[in-house]
Amino acid sequence: MDLLRWFVHAPRRASRGCLSVTFSCFCLAVLCLVCLKTGLMLQYSAMRNARQQHHIQPGAASIMKILRNIQTTSGGNLSVASASGYIDVFSSVTSAPEHHYPTVPPKKTSKPPVSSGGGWFQGVTNFFHALTSVPGRVHVTTLARYRRNATRNSSHWVVWNEKLSPKQLSKHLQKVFRKHGSKNKYNVVKGDHKRGSNRTQAAGHELLCMLRERASVETLQPHRGPPDTVEWAKYLPFQNLSEELGHLKNCAVVSSAGSIQRSSLGKEIDGHDAVLRFNSAPVLRYADDVGTKTTLRLINSKVMASKSYRFLNDTLYTDGILVAWDPAPYSANLTEWFKNPEFPIFTRYKEYRQKHPNQPFYILHPQFLWKLWNIIQENAAEPIQRNPPSSGFLGIFLMLSLCDVVHVYEYLPSRRQTDLCHYYEKLHEAACTFGGYHPVLFEKNLVKRLNQGSDLDIILHGKLTLPGFRTLNCSRASV
């Protein structure tokens, strides 16, 4: 009887033992994989920290030694043209056709390409390769391999094309352009401006002189302010911006674009005499990439009016000089604008000045915005949106009026280009790079023609170098 009972229960005992052994093996395998993954992540973190300490951008470490040799042999005057004479790794940057410009930036992925052949063994190999790969790590061991990767993803490496047209963008962006291009909210008078398609578009020195001569910075002052000058005299500043700041040699304009993340540009930005930031862009927790210094902050009236930005209470706005702007209709005078601003800029301005009487606070004259808009339209090959320029373009012009040299960061996207709108938010939209409401695409085309730095600076650092207006000799530009 005992022998019979043993035979009856033997299968159940065997199945329990197999399940226990199988489960134990599975747990052990998962633990090993987790440990392996953690070790690789720690190794990657150490390598990334080492790169950041030496100010080497991720993915560019393998060519920095070559670029240093180029800089030495060229006397420090490095450009894409001279670089291509020594190495052809940037051939995809200098010779890529216009239609290769990215319409939607490619998303980075940690998964390697999976081969369609190889059977089950290749499938298992790919699975473990994907499981143990480190996100964001660029495996470049030789120049030839680096060039292959750059050619395969040529659209990611193309520098901003100064002749870029909305017709070359994705269907989604073309729809956005048509939507805003069909509206005329600010009553821009047809025929009051010229289009650049009928003449040679200005560039470089000529374009800089055109900007300087036709669109000087104007702010509201007690003798040129809202209609009730008696009341406003105690709020508006008597000094203009240049008198307030004094002579500035080199200045930085820091874009709020998401592509400035992981740039490690903070120390370089803080090394400038003055730094301009935009709207609610923070510096805390982002200092490694954007720096901490704030000399001026350019804000639009929407930020001032919206409760979510806490304009009257947030200490973010108490650091540096504030410069605010609000768009008025194209032909409106100060009285008309004062009675009907787009957002309650005058109410917020007065409340802020009462709370912070010692902080310099300026308001841009609305006709200054439309003078800039006219110049952008004249230097565009097609009609632009009939909306005021963006804060980014206004900020660049503002610093050109105040500084000898202006460095602009991530206004033109670098190789870190992303559809993340702002480095401090989680909003993804390609129109933030190419424009929609504001004529951003045409502004960037214009600024690209002003750049005196190299295309390599744009690709690696998103950096533009522009000469200030006071350094120009415009007599030769008019000859």
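Nothing here was measured: the structure is a model prediction, and the numbers come from that model.
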For a 4.5 angstrom cut-off between non-hydrogen side-chain atoms, does [X] reach [Y]?
X	Y	answer
F442	Q377	no
P366	L334	yes
E342	Y186	yes
V188	Q385	no
R449	N379	yes
V408	V406	yes
E443	I396	no
I299	Y309	no

Non-hydrogen atoms of [X] and [Y] that approach each other most closely:
X	Y	result
N451	I458	ND2-CD1, 3.7 Å
S414	I459	CB-O, 3.3 Å
Y330	V189	CD2-N, 4.0 Å
P388	W370	N-CH2, 3.7 Å
W325	S391	NE1-OG, 3.1 Å
A332	Q367	O-NE2, 3.1 Å

Verify, without hydrogens or angle tests, whether [X] (side chain) and [Y] (backbone) share a donor-acceptor contact under 3.5 angstrom.
X	Y	value
N387	Y437	yes
R415	V159	no
H180	P439	no
S306	V303	no
R348	K302	no
E410	V254	no
R470	L402	yes
H438	V440	no

So, [X] versus [Y], ring centres under 6.0 angstrom or not?
X	Y	result
F361	Y352	yes
F397	F368	yes
W160	F434	yes

Once the angle between the rings of Y424 and H422 is folded into 0 to 90°, is it parallel (under 30°), tilted (30 to 60°) or perpendicular (over 60°)?
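Answer is parallel, since the angle falls under 30°.
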Within this structure, what is the [atom1]-[atom2] distance for the pair [X] and [Y], rounded to the nearest 0.5 Å?
X	Y	atom1	atom2	result
L420	C432	CG	SG	8.5 Å
K307	N313	NZ	CG	11.5 Å
Y411	S255	OH	OG	9.0 Å
I384	L441	CD1	CG	10.5 Å
R386	K183	CZ	NZ	11.5 Å
M304	I345	CE	CD1	5.0 Å

Under the side chain to side chain donor-acceptor pair (under 3.5 Å) criterion, do T433 and D419 qualify, and how do the steps go?
CA-CA 7 Å; T433 299; D419 59 357; over 6 Å; no
Between F346 and D326, is the side-chain contact (heavy atoms from CB on, under 4.5 Å) condition met? List the steps.
CA-CA 10 Å; F346 298 104; D326 177 84; over 6 Å; no
Test ring-ring contact (aromatic ring centres under 6.0 Å, His included) on F393 and W373 and set out the steps.
CA-CA 10 Å; F393 190 77; W373 184 92; over 10 Å; no
Test log, rule side-chain contact (heavy atoms from CB on, under 4.5 Å), inputs L211 and L450
CA-CA 11 Å; L211 287 166; L450 299 178; 3.9 Å; yes
Can you check side-chain contact (heavy atoms from CB on, under 4.5 Å) on L364 and E218, steps first, answer last?
CA-CA 6 Å; L364 291 177; E218 299 177 65; over 6 Å; no
In terms of side-chain heavy atoms, does T219 have a donor or acceptor partner in N240 at a distance below 3.5 Å?
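No pair is found: no donor N or O on one side chain lies under 3.5 Å from an acceptor on the other.
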Residues R262, D289: salt bridge by 4.0 Å N-O rule:
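The answer is no: the pair does not qualify as a salt bridge.
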Would you sort out whether L169 and V176 count as a side-chain contact (heavy atoms from CB on, under 4.5 Å), showing the intermediate values?
CA-CA 11 Å; L169 303 181; V176 172; over 6 Å; no
Derivation and outcome, side chain to side chain donor-acceptor pair (under 3.5 Å), residues E429 and H172
CA-CA 10 Å; E429 172 54 63; H172 163 67; 3.0 Å; yes
Taking atom CG of L427 as the centre, report whether more than 12 heavy atoms of other residues, nucleotides or ligands fall under 6.0 Å from it.
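Correct, the count exceeds 12.
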Run S165 and E382 through side chain to side chain donor-acceptor pair (under 3.5 Å) and show every step you take.
CA-CA 8 Å; S165 168; E382 52 196 298; 2.9 Å; yes
Could you give the side-chain donor-acceptor pairs of residues 271-280 under 3.5 Å, partners two or more places apart or in another chain?
| residue | atom | partner | partner atom | Å |
| --- | --- | --- | --- | --- |
| H272 | ND1 | E268 | O | 3.1 |
| H272 | ND1 | I269 | O | 3.0 |
| H272 | NE2 | H407 | ND1 | 2.9 |
| D273 | OD2 | K249 | N | 3.0 |
| D273 | OD2 | N250 | N | 3.4 |
| R277 | NE | K293 | O | 3.1 |
| R277 | NE | T294 | OG1 | 3.0 |
| R277 | NH1 | V290 | O | 3.0 |
| R277 | NH2 | V290 | O | 2.9 |
| R277 | NH2 | K293 | O | 2.8 |
| N279 | OD1 | N300 | N | 3.0 |
| N279 | OD1 | N300 | ND2 | 3.4 |

